[in-house]
2 protein chains.
Amino acid sequence: MYRIGELAKAFEIKSDTLRFYEKQGLLAPSSRSSSGYRMYTEQDKQTLSFILRAKAVGFSLADIKSLLSIEVDKANSVCADVKALVNAKLTDIEVKMAELTRFHISLQRLADACCGSAKSAEHCTVLEALESDVDQVRHEHHH
Amino acid sequence: MYRIGELAKAFEIKSDTLRFYEKQGLLAPSSRSSSGYRMYTEQDKQTLSFILRAKAVGFSLADIKSLLSIEVDKANSVCADVKALVNAKLTDIEVKMAELTRFHISLQRLADACCGSAKSAEHCTVLEALESDVDQVRHEHHH
DNA sequence: ATAAACCTTGGATATAGGTCTAAGGTCAAG
DNA sequence: CTTGACCTTAGACCTATATCCAAGGTTTAT
Ligand SMILES: [Zn+2]
Ligand SMILES: [Zn+2]
Ligand SMILES: [Zn+2]
Ligand SMILES: [Zn+2]
């Protein structure tokens with residue numbers, strides 16, 4: 001069992017953030033101590049880890065809540081609902097990954113084309129590489 | 001040449017957003033009409049496309065500005081600087097992709113394990129699938 | 001027994017990224 | 001030559017996601 005400050009420190013966030021998540025319905029401690037302290041279990045810690053990872057890849061707190069709420073509501077849901085929600089999130093992720101891949105290709109092409117020397121970048125065609133639709137970027141490089 | 005409203009409409013954003021990007025130093029129209037209207041070129045349109053794609057994959061406007069500024073500053077930069085910045089962004093992208101992949105695996109595992117039927121999801125172990133570190137999720141599924 | 005950490009409610013402030021309003025000027029169509 | 005769409009600026013306002021602070025009280029650690 002972790003107290004709020006311990007859990008916060010473990011993830012390098014503030015206690016305030018945990019109270020905030022609680023208010024937002026994302027993560028409530030599994031119990032309170034007799035003196036009223038929030039007591040977080042390993043399970044809570046896992047959930048927090050999930051929340052932070054989801055945030056890191058661009059899900060909003062609302063998105064995350066909807067994922068977490070599957071658990072809460074599952075007594076009242078049917079598998080078809082669960083599966084539909086999960087599949088929707090899978091699609092979101094696939095879209096994000098496709099965009100990232102596209103970006104990576106552009107930037108990689110640029111990095112490859114740039115000599116990386118200490119000479120002026122005057123002719124280094126960054127934006128061309130970034131903006132053009134793949135394939136036809138020419139790098140007859142300078143210097 | 002596009003007027004602000006035309007360009008905005010083409011990307012389904014507000015004219016306000018374009019003015020905002022201009023104030024933030026992200027994208028200024030190449031010229032103004034005699035009456036002061038912002039006039040955007042094809043090149044500007046390409047840059048906007050770049051900005052929006054970068055945003056869509058989670059780069060902040062500040063990040064994007066730093067990428068765009070390579071172009072602006074390149075007369076004063078050397079290839080080494082350009083390459084360093086680009087490589088840093090490549091690393092960012094790789095990190096995001098790794099996280100997304102991890103997420104995708106978790107969710108996919110869940111989707112696979114869930115029967116998707118109209119029966120109660122009471123035993124559908126969503127959070128277990130989401131939270132556990134890969135590999136050891138057991139789905140001896142219900143019903 | 002004192003400090004450090006925690007609790008509460010409630011509100012202020014911050015940052016990012018817009019979105020809207022007010023008060024006016026410009027332009028194309030009928 | 002009027003109407004309605006579009007433009008200008010400056011600044012107010014909004015949401016999401018926190019972070020901080022106040023005031024007053026309790027608990028835990030040393
Ligand atoms: Zn170069
Ligand atoms: Zn070079
Ligand atoms: Zn199921
Ligand atoms: Zn099922």
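Naming convention: chains lettered A, B, ... in sequence-line order (proteins, then strands); numbering from 1 in each chain. On a predicted model such as this, the values are computed, not experimentally measured, just so you know.
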Which nucleotide wins on minimum distance to the side chain of [X], given the candidates [options]?
| X | options | answer |
| --- | --- | --- |
| Asp16(B) | dA18(D), dG17(C), dC20(C) | dC20(C) |
| Ser35(B) | dC20(D), dC27(C), dT9(D) | dC27(C) |
| Tyr21(B) | dG17(C), dA18(D), dG18(C) | dG18(C) |
| Arg3(B) | dT8(D), dT17(D), dC6(D) | dC6(D) |

For [X] and [N], give me the distance from atom [atom1] to atom [atom2], rounded to whole Å.
| X | N | atom1 | atom2 | result |
| --- | --- | --- | --- | --- |
| Leu18(A) | dC6(C) | CG | C1' | 13 Å |
| Ile51(B) | dG18(C) | CD1 | P | 10 Å |
| Arg38(B) | dC7(D) | CZ | C1' | 9 Å |
| Leu61(A) | dA18(D) | CG | C1' | 9 Å |
| Ile13(A) | dC20(D) | CD1 | P | 13 Å |
| Lys55(B) | dA16(D) | NZ | C1' | 13 Å |
| Glu12(B) | dT19(C) | CD | P | 13 Å |
| Lys23(B) | dT19(C) | NZ | P | 13 Å |

Report which part of the nucleic acid [X] touches: base, sugar-phosphate, or nothing (heavy-atom distance under 4.0 Å, all strands).
| X | result |
| --- | --- |
| Ser33(B) | nothing |
| Ile4(A) | sugar-phosphate |
| Arg19(B) | base |

| task | Could you state whether Ile13(A) and Ile51(A) fall into the same hydrophobic cluster, counting links through intermediate Ile, Leu, Val, Met, Phe, Trp or Tyr residues with side-chain heavy atoms under 4.5 angstrom apart? | result |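 Both belong to a single hydrophobic cluster.
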| Taking the six-membered ring of Phe103(A), is the NZ or CZ of Lys89(B) close enough (under 6.0 Å from the centre) and on axis enough (within 45°)? |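 No cation-pi geometry.
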| said: Here's a test of your reading of the structure: between Lys9(A) and Glu22(A), which maps to the more 5' nucleotide of DNA chain C? | reply: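 Taking each residue's closest nucleotide, the earlier one in sequence belongs to Lys9(A).
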| message | If you assign Lys14(B) and Glu6(A) each to the DNA chain C nucleotide with the nearest heavy atom, which residue ends up on the more 5' nucleotide? | response |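 Closer to the 5' end of DNA chain C: Glu6(A).
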| query | Taking N and O atoms by type only, does the side chain of Tyr37(B) place a donor or acceptor under 3.5 Å from a partner on the base of dG25(C)? | reply |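 Between dG25(C) and Tyr37(B), which were checked side chain against base, a qualifying N/O pair under 3.5 Å is present.
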| task | I would like to know whether Asp44(A) and Thr41(A) meet side chain to side chain donor-acceptor pair (under 3.5 Å); could you show each step before the answer? | result | CA-CA 5 Å; Asp44(A) 295 334; Thr41(A) 61; 3.3 Å; yes
| request: Enter the distance from Lys9(A):NZ to Leu7(A):CG here, rounded to the nearest 0.5 Å. | output: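 Result: 12.5 Å between the selected atoms.
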| Donor-acceptor under 3.5 Å (Ser49(A) side chain, Lys45(A) main chain) |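 Pair absent, no side-chain N/O of Ser49(A) close to backbone of Lys45(A).
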